[in-house]
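Numbers here are sequence positions counted from 1.
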Amino acid sequence: MTRSRTWGYEQPDCTGNNALGLFIDDLDYVIQHFMRAPGLQTEARVFQAQAAANTLVQEYRDRARKTQAFNGQYIEIRAVNMGNDTVQLLPVFSPGLKQALTTLLEKTRTTQPH
């Protein structure tokens with residue numbers, strides 16, 4: 001992947017629950033990047049996306065502040081056949097990371113708009 005963007009873990013506000021939001025944005029970028037990568041067979045897409053997801057989790061574990069959400073966690077990238085020769089990459093979150101993200105989503109549902 002090219003270095004054409006700033007990653008969430010590089011942001012000064014990569015802290016607490018905000019780190020989880022930045023992480024989701026970065027993970028979406030990674031998945032979309034490998035979905036659009038030309039000339040890759042499905043196995044190569046999954047392999048490269050998995051390596052990028054592993055690096056992403058590691059960077060957030062090492063750099064996100066005021067959160068333990070990434071400690072000991074992982075993502076498994078799977079390929080799902082959508083029919084018509086279309087494959088979608090799907091992230092499967094480890095239980096701890098899934099719980100942290102679910103908790104964040106629940107908080108956003110109950111937060112009142114300003």
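Applying the salt bridge (charged side-chain N to carboxylate O under 4.0 Å, His left out) rule to Arg65 yields no partners; only residues at least two apart in sequence or on another chain are considered. Residues satisfying the side-chain hydrogen bond (donor to acceptor under 3.5 Å, both in side chains) test with Asp28, not counting sequence neighbours, are none. Shown here are the side-chain contact (heavy atoms from CB on, under 4.5 Å) partners of Asp26, two or more places apart in sequence or in another chain: Arg5, Trp7, Tyr9, Leu56, Tyr60. Residues passing the side-chain contact (heavy atoms from CB on, under 4.5 Å) test with Asn54, sequence neighbours excluded: Gln50.
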Please report, to 0.1 Å, the donor-acceptor pairs under 3.5 Å made by any side chain of residues 39-47, with sequence neighbours excluded.
from: Arg45; atom 1: NE; to: Leu40; atom 2: O; distance (Å): 3.3
from: Arg45; atom 1: NH1; to: Phe34; atom 2: O; distance (Å): 2.6
from: Arg45; atom 1: NH1; to: Met35; atom 2: O; distance (Å): 3.3
from: Arg45; atom 1: NH1; to: Ala37; atom 2: O; distance (Å): 2.7
from: Arg45; atom 1: NH2; to: Ala37; atom 2: O; distance (Å): 2.9
from: Arg45; atom 1: NH2; to: Leu40; atom 2: O; distance (Å): 3.3

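Note that the CZ atom of Arg63 and the CD atom of Glu10 stand 5.5 Å from one another [nearest 0.5 Å]. Taking CG from Leu97 and CG from Asn71, the interatomic distance works out to 11.0 Å, rounded to the nearest 0.5 Å. For the atom pair CD1 of Ile31 and CG of Leu27, the computed distance is 4.0 Å after rounding to the nearest 0.5 Å. A distance of 11.5 Å separates CG in Leu22 from OG1 in Thr6, rounded to the nearest 0.5 Å.
A donor-acceptor contact under 3.5 angstrom links the side chains of Thr103 and Gln99, judged on distance only.
Sorted pairs that involve residues 86-109 and meet ring-ring contact (aromatic ring centres under 6.0 Å, His included), not counting sequence neighbours, are lacking altogether.
Taking all atoms of both residues into account, the shortest heavy-atom contact from Val30 to Ala49 is CG1-O, 4.2 Å. Gly8 approaches Cys14 most closely through the heavy-atom pair O-CB, 3.4 Å. The heavy-atom pair separating Ala19 from Thr67 by the smallest distance is CB-CG2, 4.3 Å.
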Met82 vs Val80, side chain to side chain contact (heavy atoms under 4.5 Å, CB included): CA-CA, chis, key distance, verdict: CA-CA 6 Å; Met82 305 299 285; Val80 178; 3.9 Å; yes
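No single ILVMFWY cluster, assembled from side-chain heavy atoms under 4.5 Å apart, contains both Leu20 and Tyr74. No chain of hydrophobic side-chain contacts below 4.5 Å, direct or via other Ile, Leu, Val, Met, Phe, Trp or Tyr residues, connects Ile77 to Val87.
Within the 3.5 Å criterion, the main-chain N or O of Asn84 finds a donor-acceptor partner in the side chain of Thr86.
Residues Asn17 and Lys107 meet the side-chain proximity criterion, which asks for heavy atoms closer than 4.5 Å.
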